[in-house]
Amino acid sequence: MNNSAAPTSAPAEAASAGHFIRQIVAEDVRTGKHGGRVVTRFPPEPNGYLHIGHAKAICLDFGMAAEFGGRCHLRMDDTNPTKESMEYVDAIRTDVRWLGFDWGEHFYYSADYFERMYEVALDLIRQGKAYICALSSEEFKVYRGVPTQPGLESPSRHRPVEENLDLFRRMRAGEFADGALCLRAKIDMASPNLHLRDPVLYRIMRVSHYRTGDAWCLYPMYDFAHPLEDAFEGITHSLCTLEFEVHRPLYDWVVAQVSPADPPHQYEFARLNLTYTVMSKRKLLQLVQEKLVSGWDDPRMPTLCGMRRRGYPPVAIRAFCETVGVTKYGSLTDMALLEHAVREVLNRTAPRRMAVLKPLKLVLENISAGETRTVAAVNNPEDESLGTRQVPFGRELFIEQDDFLEVAQKKFFRLTPGQTVRLRAAGFVTCTGFTKDPASGAITEVRGEWFPAEAELKVKATIHWVSAAHALAVEVRLYDRLFRVEEPDADKDADYKAHLNPDSLRVVKGYVEPALAAAAPGDAFQFERLGYFCADSRDSRPEALVFNQTVSLRDAWAKLSKPG
RNA sequence: UGCCCGAUGGUGUAACGGUAGCACAGCAGACUCUGAAUCUGCUUGUCUAGGUUCAAAUCCUAGUCGGGCAACCA
């Protein structure tokens, strides 16, 4: 279910409109920088599934390209084989496509540039700009120094070029143990920016790479690989998150080695933080591995596959990303903003159906048993083109337990002895009595007298129902926030898992109207007066339907009745 | 503490030297065959102190607070 192609944003009019990145790109296009080209890239590391935070970056990267007539590359930033796999590559492609973006021909792997990067490294060595360092990682840290004090030069720093060249080739040939040597850029051990204190460019790592296999035992570091990839691909605007801000001088240094004429530029923006969830891949992986959720696509996860399974339309996620904007301020966005975007789309598009999740039998005493009628129900009052459907109706209905009260509290407009309500699409009912289990005090049945719609009775409430004789028994999964607190990982080292919401998943048996029998996985509906639901893409089968709650409807009554 | 970045209602943002606006959330009301949606109204904000200027959220300086950096991770 992909609601539309790329999002439509305001075209590049004034260079001063929109967020700061849009302004920069617009200005560059206006002044003819990069020959007026706009080439961006989304460079995930295939070591986890994409989440809503990535969606923000994807919308920005692909959005800027689309808006300014450029292109956006999808690139697997796979320079560390220890955690990367093809499973993640496939999932990433699926998710980006699902979000509504198209990279065309421009799908790349960093690993495909390994040979080229190696050549650049050799070149750097020849120019005396890089050397083979023999410091252990412990020594390395000591020599690097601390922010307040300059670092110390490695004893290897002035190794002759020929020796560096020889060593580097032998490193590639596998003559040295992991970590025994590394290639370092020769920049400035006294720089106040730690990243410029002769950063490591290559490390020895005997790990099989999911793409290059055992071809390499030498892998480039992000700070070396990333700018090269951007330069190789002719990227113009390299957009990344704030934590890379201090890497920018190094990015520029590397880029200057290979693309001095028309270098790509890196711009940083704040990553997305959402209330009541965590966004780090490490933590999400942990939730999966420790089976605290059912998988990466658990509908409670902030992953794109989780949201897809939950029933969030991609167009809603894109609208949400446009709403949160792009700034350099580290913010915490209220989940309510996302849910609003989802409701807004679903309200317009989701067909209405009736479902009862806490069933209570209602007997209409003036309708004879065994008699089946049908009533026409509107599919979506927001969209007349969706027409109506026939819904079976009869003497015995299921209604929601919450829609009956033995003794009405203030402002309770629903069913209570003597009170009349409208039955959605099926006339009216006046409550004439009820049966109570003397032992438990539970209401076991409600009785009423039915009136046709033509009676036009004045009522203050409408309740939904399903015909007991025709109802489909289904499983419904009700979701609440994954964590109980707004910032589960606010405490640096306190265990965020202690804040997991034990009630984030509730499974109930409910009844739905027969029209839902045809629900295909992923199909979204509004269960009237309850919320938006979709057929679960993993577990729902025609003979055993399973629905996921996407998001509830706003509920003014819940707020009213809670205090009392 | 060294360097870098940032700060506008409860939240997310806009305003680019000239009336602080929008959305979410909240509250109140209208309407309603969904206590939904829709509509109306309301509450709440420029971190502080100086300076520049006819005029500062915007420019400058200092401070305060917050974030980032100190993996042979990305």
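Numbered from 1 within each chain, the chains take letters A, B, ... in sequence-line order.
In this structure, A/F412 reaches the bases: a heavy-atom distance under 4.0 Å links it to at least one base atom across the strands shown.
Note on residues 180-191 of chain A: no pairs pass side-chain hydrogen bond (donor to acceptor under 3.5 Å, both in side chains), not counting sequence neighbours. Applying the side-chain hydrogen bond (donor to acceptor under 3.5 Å, both in side chains) test to residues at least two apart or on different chains, the pairs with a partner in residues 137-149 of chain A are A/S136-A/E138, A/S136-A/E139.
Put simply, the side chain of A/Q419 gets close to the backbone of A/F413: a donor and an acceptor are under 3.5 Å apart.
Taking 3.5 Å as the limit, the base of B/U34 and the side chain of A/Q526 contain a donor-acceptor pair of atoms between them.
Annotated as anti: B/A55, whose O4'-C1'-N torsion sits more than 90° from 0.
The side-chain ring of A/Y329 is not stacked on the base of B/A7, judged by centre separation under 5.5 angstrom and plane angle under 30 degrees.
Under 3.5 Å, the side chains of A/R529 and A/H464 contain a donor-acceptor pair of N or O atoms.
With A/Y113 as the partner, the side chain to side chain donor-acceptor pair (under 3.5 Å) test is satisfied by one option alone out of A/E229, A/E233, A/R75: A/E233.
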With B for base contact, S for sugar-phosphate-only contact and - for none (protein heavy atoms under 4.0 Å), nucleotides 43-48 of chain B reads ------
Per-nucleotide protein contact along nucleotides 60-74 of chain B, 5' to 3', at a 4.0 Å heavy-atom cut-off (B base, S sugar-phosphate only, - neither), is --------BSBSBSB
Detail all sub-3.5 Å separations between protein N/O atoms and N/O atoms belonging to nucleotides 21-26 of chain B.
unit_1 : atom_1 : unit_2 : atom_2 : d
B/C24  : OP1    : A/H340 : NE2    : 3.3
B/G26  : OP1    : A/K559 : NZ     : 2.5
B/G26  : OP2    : A/R554 : NH2    : 3.3

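Looking at the side chain of A/L553, the nearest of the listed nucleotides B/G12, B/U34, B/G6 is B/U34.
Listed by first residue number, the stems of RNA chain B with at least three Watson-Crick or G-U pairs below 3.5 Å are B:2-7 with B:64-69, B:10-13 with B:21-24, B:26-30 with B:38-42, B:47-51 with B:59-63.
Regarding contacts with the backbone of B/U11, every side-chain N or O of A/T275 stays at 4.0 angstrom or more from both OP1 and OP2.
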